[in-house]
Enquirer: 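Sending over a structure as structure tokens; questions will come in a sec.
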Amino acid sequence: MLEIQRELSIALSSTWNLQAMLNLILDSCLKIREIDAGGIYLKDELLDQINLVAHRGLSSDFVEKIYAYRADSPEAKQVWTEKPVYKLSFFAEEMAGMLRKEKITAVAVIPMKHRGEVIGSLNFASHTVDRIPHNVRNFLESIALQVVNYIAPIRIEADFI
């Protein structure tokens with residue numbers, strides 16, 4: 001995992017393209033055996049919501065249903081609490097049903113915080129394990145801390161253009 005983190009850092013420092021960064025993050029994290037699906041949400045201030053801006057390993061039907069969440073939705077509110085979620089039982093019944101239909105057995109929702117403000121979340125899932133192991137949780141949380149320092153400056157710059 002340390003090697004993945006090191007390689008990701010090198011790769012992220014070589015690009016200023018947000019979509020390329022998001023793809024690098026997902027591809028790197030999906031090298032972990034217990035993780036086989038993921039998505040990255042970023043806050044959209046203009047529309048007052050969070051949007052799924054990159055994803056892997058999810059069906060198009062599922063992606064269509066989880067593409068965006070209003071800021072006052074239970075899913076977005078959980079991100080704003082700034083605490084990671086690793087339990088399927090957290091989700092409202094409608095979302096829990098979608099997760100079951102997608103055959104997702106474990107989740108990790110890790111908020112990304114930059115200068116005191118949550119700017120989005122890294123969301124990962126497994127179709128094979130029933131919980132995200134603690135060492136993988138630690139890895140994903142450290143990735144969130146690392147990548148926000150690459151993502152935030154590009155988001156800020158885009159807001160001024």
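Please read these numbers as outputs of a predicted model, since none were measured by experiment.
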Enquirer: Measuring from atom CG of Asn149 to atom CZ of Arg115, what distance do you get when rounded to the nearest 0.5 angstrom?
Expert: 8.5 Å
Enquirer: Is a donor from one side chain sitting under 3.5 angstrom from an acceptor on the other, for Tyr150 and Thr15?
Expert: no
Enquirer: For residues Ser59 and Asp61, is any side-chain donor paired with an opposing acceptor at under 3.5 Å?
Expert: no
Enquirer: With sequence neighbours excluded, what pairs up with Arg131 under the salt bridge (charged side-chain N to carboxylate O under 4.0 Å, His left out) test?
Expert: none
Enquirer: Hey, does the side chain of Gln19 reach the backbone of Val53 with a donor-acceptor pair shorter than 3.5 angstrom?
Expert: yes
Enquirer: Tell me if a side-chain donor or acceptor on Ser28 pairs with a main-chain N or O of Ile25 at a distance below 3.5 Å.
Expert: no
Enquirer: How long is the span from the CG atom in Leu8 to the CD1 atom in Ile143, to the nearest 0.5 Å?
Expert: 5.0 Å
Enquirer: Do the side chain of Ser126 and the main chain of Asp36 share a donor and acceptor less than 3.5 angstrom apart?
Expert: no
Enquirer: I need the Leu12 CG to Asn17 CG distance, nearest 0.5 Å.
Expert: 11.5 Å
Enquirer: Check for a donor-acceptor pair, side chain of Ser121 on one end and backbone N or O of Val109 on the other, with a separation under 3.5 Å.
Expert: no
Enquirer: Consider only side-chain heavy atoms of I, L, V, M, F, W and Y, link residues closer than 4.5 Å, and tell whether Val136 and Tyr86 are in one cluster.
Expert: yes
Enquirer: When you compare the side chain of Met112 with that of Val147, does any pair of heavy atoms fall below 4.5 Å?
Expert: yes
Enquirer: What I want to find out is whether Lys31 reaches Glu3 closely enough, with some N-O distance under 4.0 Å, to be called a salt bridge.
Expert: no
Enquirer: So do Asn51 and Leu42 actually touch side chain to side chain, heavy atoms under 4.5 Å?
Expert: no
Enquirer: To the nearest 0.5 Å, how far apart are CE in Met21 and CG in Leu26?
Expert: 13.5 Å
Enquirer: Please report the C-alpha distance between Ile104 and His127 in whole Å, then the side-chain angles of each, then the deciding distance to 0.1 Å, and finally whether the side-chain contact (heavy atoms from CB on, under 4.5 Å) criterion is met.
Expert: CA-CA 5 Å; Ile104 290 174; His127 295 89; 3.7 Å; yes
Enquirer: Strictly by ring-ring contact (aromatic ring centres under 6.0 Å, His included), give each pair with a member in residues 128-149 just once, sequence neighbours left out.
Expert: none
Enquirer: Could you grab the distance from atom CD1 of Ile40 to atom SG of Cys29, nearest 0.5 Å is fine?
Expert: 7.5 Å
Enquirer: Side chain of Thr81, backbone of Gln78: donor and acceptor closer than 3.5 Å?
Expert: yes
Enquirer: Would a hydrophobic clustering, with Ile, Leu, Val, Met, Phe, Trp and Tyr connected at side-chain separations under 4.5 Å, put Leu122 with Ile154?
Expert: yes
Enquirer: Under 3.5 Å, which donor-acceptor pairs link side chains of residues 66-75 to any protein atom two or more places apart or in another chain?
Expert:
unit_1, atom_1, unit_2, atom_2, d
Arg70, NH1, Leu47, O, 2.6
Ser73, OG, Arg70, O, 2.9
Ser73, OG, Ala76, N, 3.2

Enquirer: Under 4.0 Å between a Lys/Arg side-chain N and an Asp/Glu carboxylate O for Lys43 and Glu45?
Expert: yes
Enquirer: About how many Å separate CG of Asn123 and CG of Leu140, when rounded to the nearest 0.5 Å?
Expert: 10.5 Å
Enquirer: For Asp27, does its backbone N or O pair with a side-chain atom of Arg56 as donor and acceptor, under 3.5 Å?
Expert: no
Enquirer: Is Leu145 reachable from Ile4 through a run of hydrophobic residues whose side-chain heavy atoms are each under 4.5 Å from the next?
Expert: no
